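What follows is a single structure, written as structure tokens, with notes after it.
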Amino acid sequence: MTAQPLLSIRDLEVVFRSRTSTVSAVRGASLDLYAGHSLAIVGESGSGKSTTAHAVIGLLPGGGRVTGGSIRFDGQELVGAPASRLVALRGSGIGLVPQDPMSNLNPVYRVGAQIRESLRANNVDVSRSTYRALLELTHETDLADTPAARLYLSSDGRRDLLAALSERGVDVESLADRLVVGFTTRLEVQSLLRQLGLQDAAALAERYVVGASATDRVAGLLAEAGLADAARRARQYPHEFSGGMRQRALIAMALAARPKLLIADEPTSALDVTVQRQILDHLGLLTRELDTALLFITHDLGLAAERAEQLVVMYKGRVVESGPSLEILTNPRHPYTKRLVQAAPSLASRRIQQAKDQGEEAAVIAVSGGEGLVKAPDLLEVRGVSKVFQLRGSRPWDRTDFTAVDDVSLTVARGSTAALVGESGSGKSTVANMVLSLLEPTKGTIVFDGVDTASLSRHELFDFRSRVQPVFQDPYGSLDPMFSIFRIIEEPLRTHRVGGRAAREARVRELLDQVALPASTMRRYPNELSGGQRQRVAVARALALQPQLVVLDEAVSALDVLVQAQVLELLGRLQRELSLTYLFITHDLAVVRQMADQVYVMEKGRVVEQGPTDRVFEEPLEEYTKALLAAIPGSSINLHPRGH
């Protein structure tokens, strides 16, 4: 008898209605997801992938309605179900890890309090552990799986157990790290004690593991999600967490009630590749241990293929292709899927590497200037630069020094692209801000076109800013929403008193044409444009004063892969046509492979590796660089399997 899908969607129709229009967001979508399996829905923004997921959990935004089709979860029809049933399913039956952790955690409540609230909302009795618990991790068949064995270790129980074992002469140092408050079960404690050769392991486990408090269980859930020092972290507020830590807190919250289905909606899109890999590895481990089905929403086909067994590709609200991940990746049939495969930077990087490994011509041509450009004279030199910030302590008069950048040196050849790579907190954006003269180095020198920028007078610094221009990460936050596109692009021209009104308008038209936007765009406002269009406007603004150096600070990381590919192609074309020099700041090595001539890898404020792009990718010297390369989504995928 064939097993029934845990989630079955058939001919789903979703529309959004406003006073003036009706928009079909999902049209005839169908998919099946089985218990314990993983499926990824892939597509660009507006494809309907997130709308499909939110329809399942009954969380469509205002104006959104399911107008047709069927959604069956665990044998229940959800379309037309009363709101009370959908509310009851959330958390206990279906968990959600949303995209933006900062806007989904309440900033005025401690993280632990918010996880505790999710337990209460789902009627989880943490002290008696009567709900579904962790699967047996020890795989020892002689240990009975009983309700009593699912009690969690409390902080008091852990302390007393370690004290009792220490009195017996047991070396508890190695054991202490494996006894996690609110996470380790009686079953696991019994197994660990048996491994130590204790004959009364069962009696000890029964005596000291008698159930955890809600506070202990919250700490255990955070530990389960991969947060170290979980008890202390539970007492902190969201703003005290990094992006990766906040995402782990949301994963803990989503899995607290042990749902049968977990929906992960772009859960790592804003995170560094190494943090992304850690979180996705841990998420995969947890869902396997709990036999939880995973519905993964993403725009990155390489990431989806690496993390899910099945793929569903959506385009303009329709499912255009579905099937096993590797099959779709290596043999895409629909034109849109083929575009996704070609555009994904992670897969482009993989194709370059595999083509080199096989001695073939690279399938994807890098958009950087080439070997000859690297030998050109240096336009920018950063010599032994450090930046020390003073951080406030617990008392107003307390100050501690924090070295964000430590003795960094780099050069950027005229007309080439140098990439500064590293995780969040590595110091790369601080270097960029010093290059832009937005921050003053604590020590060291920055030389632009042969002149030390520290020696510039006020007038010379004003001129310098016309020759060095930035493009920032967030196209939504870097453009003034109150300005028209014309005024946004014209502003630097007006500030630097370039030409009259007619000349400036002609220049804005020319710039819009250079970034492949119609002249009519100048009459619009940022909220009327897509993310990719906004970033093109940001590039046009940066080029207004005809700079020599453009500092691109994570300039494509917030964009869908198709839009990202378009912007990267645009940057490459503009570099060739205008002889631009780029300093490219990013955490995404897949993009670096396509863009850069020279790579500088930063870790904890220092440059730990540098060299030509091909050398760094093919023969990395440092373990940190190897870890960054290994974390590129799709790096484990063979794009040329036998038979293709």
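From a predicted model like this one, the values you see are computed outputs, not experimental measurements. All heavy atoms count here, side chains included; hydrogens, waters and symmetry mates do not.
- Classification of R414 and D378 as a salt-bridged pair fails, no side-chain N sitting under 4.0 Å from a carboxylate O.
- The pair E618-R593 counts as a salt bridge, with a side-chain nitrogen and a carboxylate oxygen less than 4.0 angstrom apart.
- One side chain, T417 or Q575, offers a donor N or O that lies under 3.5 Å from an acceptor on the other.
- With contacts defined as side-chain heavy-atom distances shorter than 4.5 Å, the pair P61/F16 qualifies.
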Stepwise salt bridge (charged side-chain N to carboxylate O under 4.0 Å, His left out) check, R509 with E505: CA-CA 6 Å; R509 290 178 181 274; E505 182 174 338; 3.2 Å; yes
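- Neither side chain, S386 nor D407, offers a donor N or O lying under 3.5 Å from an acceptor on the other.
- No side-chain N or O of S426 forms a donor-acceptor pair with one of E423 less than 3.5 Å apart.
- Partner of M314 under the side chain to side chain contact (heavy atoms under 4.5 Å, CB included) criterion, out of V42, V320, T52: T52 alone.
- The OG1 atom of T453 lies 9.0 Å from the CD atom of E440; values are rounded to the nearest 0.5 Å.
- No cation-pi contact links K338 to Y336, judged by a cut-off of 6.0 Å to the six-membered ring centre and 45° from its axis.
- The aromatic rings of F464 and F448 stand perpendicular to each other, their planes meeting at an angle above 60°, with 30° marking the opposite boundary.
- Distance check, rounded to the nearest 0.5 Å: OG1 of T442 to CE of M434 gives 7.5 Å.
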Criterion side-chain contact (heavy atoms from CB on, under 4.5 Å) on L549 and L379, from CA distance to verdict: CA-CA 8 Å; L549 174 67; L379 178 65; 4.0 Å; yes
CA sep, side-chain torsions, deciding dist, call: V431, L420, side-chain contact (heavy atoms from CB on, under 4.5 Å): CA-CA 9 Å; V431 171; L420 197 55; 3.8 Å; yes
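- Under the 3.5 Å distance criterion, with hydrogens and angles disregarded, a donor-acceptor pair is assigned to the side chains of E321 and T337.
- Salt-bridge check for R541 with E491: passed, with a basic side-chain N closer than 4.0 Å to an acidic carboxylate O.
- R615 has a carboxylate O that lies under 4.0 Å from a charged side-chain N of E609, or vice versa, which qualifies the two as a salt bridge.
- Note: H239 and Y237 have parallel aromatic rings, judged against thresholds of 30 and 60 degrees for the angle between ring planes.
- Electrostatic pairing of R504 and E490 counts as a salt bridge here, judged by a charged N lying under 4.0 Å from a carboxylate O.
- A donor-acceptor pair under 3.5 Å is absent between the side-chain atoms of Q610 and the main chain of V599, judged by distance alone.
- Atom OG1 of T613 sits about 7.0 Å away from atom CD of Q598, to the nearest 0.5 Å.
- With contacts defined as side-chain heavy-atom distances shorter than 4.5 Å, the pair D265/V97 does not qualify.
- Contact check on D480 versus R487 returns no salt bridge, with no Lys/Arg side-chain nitrogen under 4.0 Å from an Asp/Glu carboxylate oxygen.
- With sequence neighbours excluded, the residues forming a side-chain contact (heavy atoms from CB on, under 4.5 Å) with S45 are D560, listed by chain and number.
- T445 and D452 are not linked by any side-chain donor-acceptor pair at a separation below 3.5 angstrom, with hydrogens and angles left out of the test.
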